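To start, the structure under review is shown below, and the notes come after it.
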Number of protein chains: 2
Amino acid sequence: MSFSQDALLAFVAAVDNGSISAAARQLGKRQSTLSESIANLEIDLALTLFERGSRQLSLTAAGQRLLPLARQALAAHDSLQLQAAALASGVEARLTLVLSDTFHTGSVEPALKAFASLYPYTELECLVGEQDDLLALVRSGRAQLGLMSGDVQGGSEFAVRELPQQARTSLYVAPDHPLAQQRPAGAWALPAHRQLRLQTFTNTLPPDGHTGSCWYAPSYLLLLEMTQLGFGWAELPDWLVARYAPELVPLALPGWPQQRSLHAVWQRAQPLRPAAAWMLQQFLQPAALDPTPG
Amino acid sequence: MSFSQDALLAFVAAVDNGSISAAARQLGKRQSTLSESIANLEIDLALTLFERGSRQLSLTAAGQRLLPLARQALAAHDSLQLQAAALASGVEARLTLVLSDTFHTGSVEPALKAFASLYPYTELECLVGEQDDLLALVRSGRAQLGLMSGDVQGGSEFAVRELPQQARTSLYVAPDHPLAQQRPAGAWALPAHRQLRLQTFTNTLPPDGHTGSCWYAPSYLLLLEMTQLGFGWAELPDWLVARYAPELVPLALPGWPQQRSLHAVWQRAQPLRPAAAWMLQQFLQPAALDPTPG
DNA sequence: TATTAACCATCGGAGAAACCGATATGTCGT
DNA sequence: ACGACATATCGGTTTCTCCGATGGTTAATA
């Protein structure tokens with residue numbers, strides 16, 4: 001016959017409180033109950049855990065040795081209990097986000113930090129995608145919540161909320177690019193040079209007015225690298241350039257830099273569950289978030 | 001009301017065996033018992049753990065999520081149980097050895113390895129000391145078992161067993177020492193040079209016949225270093241020199257190298273407890289040990 | 001010294017839980 | 001249709017837990 005979890009609890013409570021009576025008060029049980037529990041535990045283990053000194057009890061060598069293991073067993077028990085409570089309360093076991101690279105890392109970080117402590121039993125997965133790629137991930141259920149820039153094309157399929165933050169983007173070229181030399185550069189000069197454009201995997205983006213030659217990449221980070229290598233000009237998020245390629249030169253054209261609105265999207269047919277809803281709220285209330293520097 | 005450990009056991013057994021009935025057979029209980037246990041566990045956790053397919057049951061997402069935690073809780077429980085059993089069976093919680101540096105490390109290592117797996121819940125402490133220092137550690141109870149070279153002076157206070165192994169020692173000097181140059185050196189040449197001698201902290205070693213000047217150190221490792229620095233000649237264990245100072249030169253004198261007997265000592269008044277007794281046996285049966293090379 | 005206040009151990013009884021045996025039900029393969 | 005195998009459910013017994021009361025011991029106090 002093995003010992004019970006309650007006996008272990010009585011054991012560590014008695015140690016922590018210095019007496020069985022105090023432990024009983026803390027646990028809301030009778031002294032006789034805990035006395036019996038500990039006595040039975042000692043019988044089950046075939047060991048003496050406490051040295052019953054007249055007025056205070058002290059741990060035996062064996063007791064000192066077993067105490068940390070007892071704590072560990074209780075902690076494992078509690079951990080299971082907490083995880084189960086989280087699952088039972090409807091909190092999802094895993095939350096998958098898709099973020100656009102237009103989101104400044106520093107603005108996401110505090111939300112994730114708070115999430116980690118508030119939902120310790122929920123796994124978090126962060127994907128990165130743009131435009132149609134992002135919407136496809138949300139549509140397929142691969143991700144529950146998407147944070148994207150620009151307008152949402154999906155129509156009534158998605159629930160959309162506009163975020164109070166905005167993303168500033170500019171047109172950049174490498175320092176040795178011809179466009180970086182001419183000052184001031186006019187918008188007429190752009191079509192003469194290669195544009196580096198975002199092209200999603202799913203490839204349903206409408207063409208914009210640009211008529212010149214283009215190279216394409218599915219992520220802003222890749223566009224950034226291609227810009228660094230001097231392959232052409234590109235529209236890039238300002239924070240991304242400031243952080244990873246500060247040497248790039250912004251083109252001072254009329255109408256630039258632009259402020260692009262940011263949106264949170266999810267499946268309208270599938271309401272957000274607690275963790276996802278909380279995460280959305282974090283982005284809707286920028287008070288709790290650090291302002292994007294720059 | 002919280003779940004019991006038995007319920008967790010039923011849970012993982014059902015998962016491992018693929019069915020509740022099989023789990024019941026494995027655990028030696030009735031199927032109805034385990035069925036109720038798991039049902040109660042699901043009630044306590046407010047979760048559905050199993051998808052009761054007609055003929056086979058499969059884990060819910062929540063069940064998959066909780067399974068590793070349940071295993072961990074059971075493992076912690078078992079660990080406590082095993083440690084308690086070890087303590088209750090009289091195995092000491094900590095075993096402290098004192099080894100002489102004359103013991104070849106390679107001859108001790110297999111014993112320690114086997115010890116680690118045989119007594120996983122016993123802490124092991126290895127001290128190093130020579131002669132009187134070693135005996136003092138055993139006498140005070142600081143160590144339970146000592147493995148030393150040479151004869152035991154303590155009289156009836158100690159229990160002594162001679163070990164089948166022996167330690168070979170030689171007289172060494174540094175390569176640039178005068179004694180290393182003369183060939184052949186006679187014993188008469190020794191007193192003219194400084195001797196590096198073992199002197200224990202407790203300092204009750206009798207003087208031997210040497211009449212020349214001496215420097216002293218309490219450990220062979222220190223003597224070794226002093227010999228390397230050319231301070232004099234010293235008697236050192238061969239294996240120690242071969243391993244840490246192969247450049248030292250042995251003096252080819254009549255009667256050298258010597259074979260020194262090795263002894264295990266412990267307090268006669270305090271019989272060896274299981275782990276210590278096992279350890280002693282390992283050294284008494286050199287069959288299980290690697291032979292000392294060289 | 002007698003008293004009070006803590007503390008711990010023990011005992012008997014009430015309630016709860018575990019366990020068993022039997023039974024009903026459902027599914028798969030023959 | 002039937003046997004083999006699975007799970008769920010239902011009484012009944014045993015076991016465990018918890019409580020309340022009691023007694024013994026020690027330390028501080030009047």
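Since this is a predicted model, take the numbers as computed values, not measurements. Naming convention: chains lettered A, B, ... in sequence-line order (proteins, then strands); numbering from 1 in each chain.
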>> As a quick check of understanding, evaluate side-chain contact (heavy atoms from CB on, under 4.5 Å) for A/V98 and A/D133, giving each step before the final call.
In response: CA-CA 9 Å; A/V98 208; A/D133 291 344; over 6 Å; no
Side-chain donor/acceptor pairs under 3.5 Å, residues 111-122 of chain B, sequence neighbours excluded:
unit_1 : atom_1 : unit_2 : atom_2 : d
B/S117 : OG     : B/A114 : O      : 3.1
B/T122 : OG1    : B/E92  : O      : 2.9

>> From CG of A/L9 over to P of D/dC18, roughly how many Å is that when rounded to an integer?
In response: 10 Å
>> Is it the case that over 12 heavy atoms from other parts of the model lie below 6.0 angstrom from the CZ atom of A/R161?
In response: no
Please tabulate, for side-chain N and O atoms in residues 21-41 of chain A, each donor-acceptor pair with protein atoms closer than 3.5 Å (sequence neighbours left out).
unit_1 : atom_1 : unit_2 : atom_2 : d
A/Q26  : OE1    : A/N17  : ND2    : 2.6
A/S37  : OG     : A/T33  : O      : 3.2
A/N40  : ND2    : A/E36  : O      : 3.4

> If you look at every heavy atom in A/V108 and A/F103, which pair is closest and at what distance?
Replying inline: CG2-CB, 4.3 Å
>> My understanding is that only residues two or more places apart in sequence, or in another chain, count here; which of them pass side-chain hydrogen bond (donor to acceptor under 3.5 Å, both in side chains) with B/D78?
In response: none
> Side chains of A/Q282 and A/W278: does their closest heavy-atom pair fall under 4.5 Å?
Replying inline: yes
Between protein and nucleic acid, restricted to nucleotides 15-23 of chain C and to nitrogen or oxygen atoms under 3.5 Å apart, what atom pairs and distances do you find?
unit_1 : atom_1 : unit_2 : atom_2 : d
C/dC19 : OP1    : B/K29  : NZ     : 2.8
C/dC20 : OP2    : B/R30  : N      : 3.1
C/dC20 : OP2    : B/T33  : OG1    : 3.0
C/dC20 : N4     : B/E36  : OE1    : 3.3
C/dG21 : OP2    : B/R30  : NE     : 2.6
C/dG21 : OP2    : B/R30  : NH2    : 3.0
C/dG21 : O6     : B/S32  : OG     : 3.2

Protein N or O to nucleotides 12-14 of chain D N or O, pairs below 3.5 Å:
none

> Does OP1 or OP2 of C/dC7 have a side-chain N or O of A/R52 closer than 4.0 Å?
Replying inline: no
> Can you tell if the side chain of B/E162 reaches within under 4.5 Å of the side chain of B/L262, non-hydrogen atoms only?
Replying inline: no
> What integer distance in Å separates B/I38:CD1 from D/dT7:C1'?
Replying inline: 10 Å
>> For DNA chain D, which residues of residues 13-25 of chain A approach it to below 4.0 angstrom with any heavy atom?
In response: none
> Roughly how many Å is it from CG in A/L57 to P in C/dA6, rounded to a whole number?
Replying inline: 17 Å
> Is there a donor-acceptor pair under 3.5 Å between the side chain of B/E125 and the backbone N or O of B/L97?
Replying inline: no
> Atom CD of A/E42 and atom C1' of C/dC8: how far apart are they, to the nearest Å?
Replying inline: 12 Å
> Does a salt bridge link A/R139 with A/E157, judged by any charged N lying under 4.0 Å from a carboxylate O?
Replying inline: yes
